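Structure first, commentary second.
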Amino acid sequence: MAEILREGNIWHLRNEWISYALCELPGGVAAHLYIGPRLEKLNPAGLLRHANAGTEDFSVQECALDRVPQEYPSFGLGDMREGALTVLAPDGSRAVDLRIVKAEVLDEKPALEGLPATRGEGCAALRLTLKDDHTGLEAELNYAVYDDCPAIARSARLVNRGAEPLTVERAFSLCLDMPDDDWDLITLSGAWARERTPYRRPLVPGFQGVYTQRGASSLQTSPFMALARRSADETKGEVLGLSLIYSGNFIARAEDTSTGGARLLMGVNDRDFTWRLAPGEAFQTPEVALVFSTEGIGGMSRGFHRLWGNHLLPKRWMGVDRPVLLNSWEAAYFDFDEAKLVSIAKAAADAGVSLFVMDDGWFGHRDDDTTSLGDWTADMRKLPGGLKGLGEKVRALGIQFGIWMEPEMVSPDSDLFRAHPDWCLHIPGREAITARHQLTLDLGREDVQEFVYKAVANTLRESGAAYLKWDMNRNFSNLGSAALPADRQGEAAHRYILGLYAVTDRLIRDFPDVLFEGCSSGGGRFDAGMLYYVPQFWCSDDTDALQRCEIQYGTTMVFPPSTMGCHVSAVPNHQTGRVTPMQTRFAVALGGCFGYELDPRKLSDGEREALRAQVAFAESTQKLRLYGDFYRLRSPFEGNYTAWMSVAPDRSEALFTFVRTRAVPNVLPPMVKLMGLDAGKRYEIVETGEVYGGDELMNAGLCLPGEFQSAGDGWSALYTLKAVNE
Ligand code: GLA
């Protein structure tokens, strides 16, 4: 059970696995004490003396704050490090001196106004209120600890209690001062078609970290960082992960301080950010989830998976079977009409697929990507029966119909742009910069939010779609909003994200049974913010099975398989030109929400037959694959093999996947040590009929068959394990 203990001036949040402690120093500064494995009791003297270079002088007057570990520091009054908060006061000064004025253990974790955050059921919550007397600024620091996972949530809410307006120039979600710097830093970075590669390096003095100023959490990096003990690996050692529940510009930075501590900062990127706070107004920062594991990087990942599964991902879709879908993009691109789509859908239905998705190209006069975004009416040249007619024809095949939209965008060649040129992000007098021939609608505006809501709602109603792929295919430029005065332009990027959340929230409430899948040129906005609203996200535009091993491996650092859209595509692969065996494309796509991205009419009879068996297998293993405990066994970044497995919570069954990148002759077949099984149980490998003990499979390993030697590049094995009584 989660609990919050108060002993004098110390607050101690803890559950079965972890403790988080902070205290009020003489004078009211909020100091950080500890995050790590659960403690029974805590005497802060040692921790504070250590952090404060052996002295007990915590006075603000002596610049002692420069060494004190703090919960929400700012720059300018003695702490020389980067702070979490910068506020411009009417007198032109920027220093803020926050002291604790109130501490409350709350009955329930408060929701974050306008922002996604972990749900509060089954957790204990603390709120500290700090105040700066000079400006009247108040900061509420919110903390939560959960009953059921090794995680803490933190966020901050700023309120102007003064008489004059203030300008917030930086409002990070947290500062976390770690008492030592004996850590490696892990972040995720990538690019289009190569999302979320893990990078690990030692913390060294100075700044390290990741950021985006693209307007979205981005293909290039992820709002995540982790500290891992230098000796920690996938299975053992201390790892602390931080994930920001936000989809826009963020920054995550670690500073190895000169005295040997480490300061972590995370929040909305302060680049081109300001927020005006009139007296009485509040600014809410996004929430950061912190997961602490003593079971290595894999333990951290499972901590996040459990946290998101129990407290963040939409309840409507958790534990629920997702339809096996076929998406038309790589099957037809822009080149289709109703007859072609219906015949693809029929072939899909014959193979057992239960949802056909029409991708880009159905609206306006869009025959390529240069036109029509914003004009969300069916192109009658292609779809003479409109969306209604196509939807009905697809449903008549006994399967569901789904549709693609890119609601946040407008093409310069569109009726929408001609009618409302000021609805896009732009800087008056400057030439608009297009990307993929399109401009970004200013979702911070209420009239734009209303338009987007209606466009999506009408499309869903007209088509009767059971699924919506919500795409977003460019980053911000010309960041400016016609709805904001000059001195508030710094609010545009964050207001955009708040608008996006507001529209998405309204849509999922009004269409609770429509399955939304997020997409942003693949996985360009794959973050915990969007996953509060949409249960799954298109992992990457790269459908090559070997590339996907890397992308899916990195994605599972933070997100569970149930969040990843993974499809089997045709060969030669459209992104890499590589040819991999159908069985391997199938095995890899089983790593998430399974589907197809190909034209089934072009398959051979044998392949179509195989599809039927694949769909049946994907469906029968759904619960295990999507919601089981997930273990990474071999990293594609460290060798020729990738392996992972999902284990049922009661450890009665498991699914093991192995992919070998290159054929190498004359090497021993690998023994892969499995994880998460019951050491005392016997398991039958259904595909081979062999039976092994759980202890054997975890300690000696599972031996891959000899045939693998000469089986060619991209060979894979998929084994189902079932506990048996022998
Ligand atoms: C993006 C998506 C693709 C596809 C195209 C359509 O690139 O990531 O899956 O939907 O847009 O234009």
Side-chain angles (χ1 to χ4, degrees), residues 190-196 214-220 247 325-336 340-341 344 355-376 378-379 382 401-411 413-414 434-441 456 459 463 465 467-475 515-527 530 534 536-544 547-548 551-552 555 563-570 573-576 585 589 592-599:
W192 176 78
R194 287 191 289 104
E195 294 92 333
R196 289 174 295 284
R214 294 167 178 273
S217 51
S218 87
L219 298 156
Q220 286 72 15
S247 310
L325 67 84
L326 185 139
N327 180 296
S328 71
W329 182 237
E330 290 194 14
Y333 294 104
F334 294 102
D335 177 21
F336 60 78
K340 182 169 176 182
L341 291 181
I344 294 173
L355 167 69
F356 171 75
V357 179
M358 172 173 65
D359 209 279
D360 197 354
W362 59 265
F363 50 91
H365 54 103
R366 190 161 163 97
D367 295 329
D368 56 32
D369 62 10
T370 61
T371 176
S372 299
L373 291 167
D375 295 347
W376 299 107
D379 181 347
K382 297 181 186 173
F401 177 65
I403 196 162
W404 176 99
M405 291 182 79
E406 195 178 356
E408 300 161 60
M409 296 293 153
V410 60
S411 305
D413 174 21
S414 66
T434 52
R436 210 189 187 210
H437 314 287
Q438 63 201 49
L439 298 164
T440 312
L441 288 174
V456 177
T459 303
S463 62
Y467 164 103
L468 178 81
K469 178 174 170 187
W470 180 302
D471 207 345
M472 197 286 248
N473 282 320
R474 68 155 291 179
N475 292 147
L515 173 61
F516 284 67
E517 176 156 353
C519 177
S520 180
S521 306
R525 209 163 54 190
F526 199 133
D527 56 65
M530 286 320 295
V534 305
Q536 58 191 63
F537 213 95
W538 180 227
C539 208
S540 175
D541 276 353
D542 194 333
T543 54
D544 174 84
Q547 284 284 127
R548 272 298 185 121
I551 296 163
Q552 293 172 201
T555 305
T563 61
M564 299 191 293
C566 302
H567 299 172
V568 175
S569 63
N573 177 267
H574 293 199
Q575 293 76 41
T576 62
R585 285 176 272 147
C593 295
F594 182 80
Y596 294 93
E597 196 88 10
L598 46 70
D599 186 342

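In listed order, ligands and their atoms are each counted from 1. Keep in mind it's a predicted model, so treat the numbers as computed, not measured.
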Ligand 1 contact by Lys469, heavy-atom criterion under 4.0 angstrom: yes

Residue-ligand contact Arg436/ligand 1, heavy atom below 4.0 Å: yes

Nitrogen or oxygen of Trp404 less than 3.5 angstrom from that of ligand 1: yes

Ligand 1-proximal atoms of Asp471, by part, heavy-atom distance under 4.0 Å: side chain

Within the side chain of [X], is there an N or O that forms a donor-acceptor pair under 3.5 Å with the backbone of [Y]?
X      : Y      : value
Arg548 : Ser540 : yes
Arg196 : Phe526 : no
Thr371 : Asp413 : yes
Arg474 : Gln438 : yes

Parallel, tilted or perpendicular: ring planes of Trp538 versus His567, cut at 30 and 60 degrees: tilted

Closer than 4.0 Å to some heavy atom of [X] - which atoms of ligand 1 meet that?
X      : value
Asp360 : 6 (C), 12 (O)
Cys519 : 2 (C), 8 (O)
Asn473 : 1 (C), 7 (O), 11 (O)
Gly522 : 8 (O)

Identity and separation of the nearest protein heavy atom to atom 3 (C) of ligand 1: Asp541 OD1, 3.4 Å

Closest protein heavy atom (residue, atom, distance) for atom 4 (C) of ligand 1: Asp359 OD1, 3.4 Å

Carboxylate-amine/guanidinium contact Arg366 Asp375, below 4.0 Å: no

Between Trp362 and Phe334, ring centroids under 6.0 Å: no

